Amino acid sequence: MMRYGRIEGVDKPVSRVVCGTAFKVMLEGGDASELLDRAVACDINAFDCAENYGKAEISLGDWLKGRNDRERLVIETKGCHPDFGEGWVRSRVTKEALDRDLAQSLDRLHTGYVDIYMLHRDDPDVPAGEIVEWLNEHHRKGEIRAFGGSNWSCARIAEANRYAAEHDLTPFTVSSPNFGLAVEHENPWVGEGVTIGGADHAADRDWYRGNGMAVFAYSALARGFMTGMFPSSDRASAERVLDQEARKGFLYDDNFERLHRAEQLAGRKGATVAQIAVAWLFHQGMNVFALLSCTSLPIIEANAAAADIDLTDEECAWLNLDEAR
């Protein structure tokens, strides 16, 4: 049975498994109706997208236009991703970029509003209060419901929400950092990435537990590292099949040991490695939602079933090499 959570500002339950759209068919703007319909049939009602995911918003919007259950579905998208080229990155955290990106997203998605909107990156040189003002403007227009930041530090979110409280404005209620059983050791992305995994970020996890803010965990399966597509004993296969970002972020000895333990526990519970990794995420005491690419019907079904797997505290600690939650 799918598990659901609540997010302040979203007036409907949100499935703990969120269907990601950054995969080939949707990036190219193709027809993903069969996959998306299957996600809904598996009780997944939340979909993650972004302005810079190629033509994924167009693909998602074409599917959405053909359905009659928009009010049951939760659409999340992101904007203000930086521009970049060989050796350079330029911030796009500006009001002009936000206005443009959101207007384009609404047009592509064939909807008058998105349930959740996030800035894809932060720019610490822009006062958080200014960004809160921009987002509240669109919130008042009814174009966005809940909002927040992807790859924002806890400190910057707290800064934004202090400003919101002082000025009687709607605060951030959603954050999207990297988080999963496999620890991201190095940022593999363009611009500043934020992870809350590993021993060094225990305080960040405690911060989220303390305030209950929704966490949309991206790369929850470490871009394939925790999917079981290679055994923990075969590093050569891992290096061959994983993309550059996955190798840079997750190809480390401690993660191979986590994978090895997930394999053992999966065998004992009659589950897959990916299901164990997703179940671990849901047992971390946070208001967490797992962003998972849904590239085939069997993967969608397995992702949905992962929400039903129970793990003990001891099993979770053992999977994570007995690191503190």
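Side chains included, hydrogens not; waters and symmetry mates left out as well; all remaining heavy atoms used. The residues of the chain are indexed from 1 along the displayed sequence. Note that the structure is predicted; figures quoted are calculated from it, not measured.
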* To do: Check whether more than 12 heavy atoms from other residues, nucleotides or ligands sit under 6.0 Å from atom CD of Glu8, and answer yes or no.
  => no
Same cluster (ILVMFWY, side-chain, under 4.5 Å), [X] and [Y]:
X: Ile44; Y: Val10; answer: no
X: Val14; Y: Val288; answer: no
X: Val278; Y: Phe289; answer: no

Donor-acceptor contact present, side-chain [X] to main-chain [Y], <3.5 Å:
X: Arg209; Y: Gln284; answer: yes
X: Asp48; Y: Val18; answer: no
X: Arg258; Y: Met226; answer: no
X: Asp115; Y: Ile75; answer: yes
X: Glu130; Y: Pro127; answer: no
X: Asp122; Y: Trp152; answer: no
X: Lys55; Y: Met26; answer: no
X: Asn320; Y: Cys316; answer: no
X: Asn136; Y: Thr170; answer: yes
X: His283; Y: Leu311; answer: yes

Identify each donor-acceptor pair in which a side-chain atom of residues 191-199 lies under 3.5 Å from a protein atom, sequence neighbours left out, and give them as a table.
from, atom 1, to, atom 2, distance (Å)
Thr195, OG1, Asn178, O, 3.3
Thr195, OG1, Asn178, OD1, 2.7
Thr195, OG1, Gly197, N, 3.2

* Asked: What orientation do Phe225 and Phe256 show, parallel under 30°, tilted 30 to 60°, or perpendicular over 60°?
  -> perpendicular
Taking atom types as modelled, is there a side-chain donor on [X] or [Y] under 3.5 Å from an acceptor on the other?
X: Asn151; Y: Tyr218; result: yes
X: Asp254; Y: His185; result: yes
X: Glu57; Y: Thr77; result: yes
X: Arg108; Y: Ser105; result: no
X: Asn287; Y: Arg16; result: yes
X: Ser175; Y: Tyr208; result: yes
X: Glu133; Y: Tyr163; result: yes

Roughly how far, to the nearest 0.5 Å, is [atom2] of [Y] from [atom1] of [X]?
X: Met118; Y: Ser176; atom1: CE; atom2: OG; result: 4.5 Å
X: Leu169; Y: Leu135; atom1: CG; atom2: CG; result: 10.5 Å
X: Lys78; Y: Cys49; atom1: NZ; atom2: SG; result: 7.0 Å
X: Leu265; Y: Ile276; atom1: CG; atom2: CD1; result: 4.5 Å
X: Cys80; Y: Arg92; atom1: SG; atom2: CZ; result: 6.0 Å
X: Trp134; Y: Leu119; atom1: CH2; atom2: CG; result: 7.5 Å

* **Residues which pass side-chain hydrogen bond (donor to acceptor under 3.5 Å, both in side chains) with Asp37, listed by chain and number, not counting sequence neighbours** => Trp63, Arg67
* Structure fact -> Residues at least two apart in sequence or cross-chain that pass side-chain hydrogen bond (donor to acceptor under 3.5 Å, both in side chains) with Thr111, listed by chain then number, are Arg70
* Apply salt bridge (charged side-chain N to carboxylate O under 4.0 Å, His left out) to Arg162 and Glu159, showing your working. => CA-CA 5 Å; Arg162 281 195 300 272; Glu159 178 188 346; 5.5 Å; no
* **Test: Arg223 cationic atom under 6.0 Å from Phe250 six-membered ring centre, within 45° of axis** => no
* For Trp280, is the NZ or CZ atom of Arg261 found under 6.0 angstrom from the centre of its six-membered ring and inside 45 degrees of the ring axis? -> no
Please name the pair of heavy atoms, one in [X] and one in [Y], separated by the smallest distance, quoted to 0.1 Å.
X: Leu109; Y: Val114; result: CD1-CG1, 3.8 Å
X: Met213; Y: Thr173; result: CG-O, 3.4 Å
X: Lys12; Y: Arg6; result: C-NH1, 3.4 Å
X: Leu281; Y: Gly180; result: CD1-CA, 4.0 Å
X: Val126; Y: Arg156; result: O-NH2, 2.8 Å
X: Leu242; Y: Leu251; result: CD1-CD1, 4.0 Å

* Audit row: Glu96, Arg100, salt bridge (charged side-chain N to carboxylate O under 4.0 Å, His left out) steps and yes/no -> CA-CA 6 Å; Glu96 292 72 23; Arg100 172 198 170 279; over 6 Å; no
[X]/[Y] ion pair, N-O < 4.0 Å:
X: Arg235; Y: Asp253; value: yes
X: Arg3; Y: Asp310; value: yes
X: Arg268; Y: Glu315; value: no

* Which residues, ordered by chain and number, are linked to Met1 in its hydrophobic cluster, where ILVMFWY side chains connect at heavy-atom gaps below 4.5 Å, directly or through other members? -> none
* Asked: Should side-chain heavy atoms under 4.5 Å link Ile, Leu, Val, Met, Phe, Trp and Tyr, which residues sit in the same cluster as Leu27?
  -> Tyr53
Side-chain donor-acceptor pairs of residues 290-302 under 3.5 Å, sequence neighbours excluded:
from, atom 1, to, atom 2, distance (Å)
Ser296, OG, Ile299, N, 3.3
Glu301, OE2, Arg38, NE, 3.0
Glu301, OE2, Arg38, NH2, 3.3

* **Non-hydrogen side-chain atoms of Lys95 and Glu137 separated by less than 4.5 Å** => yes
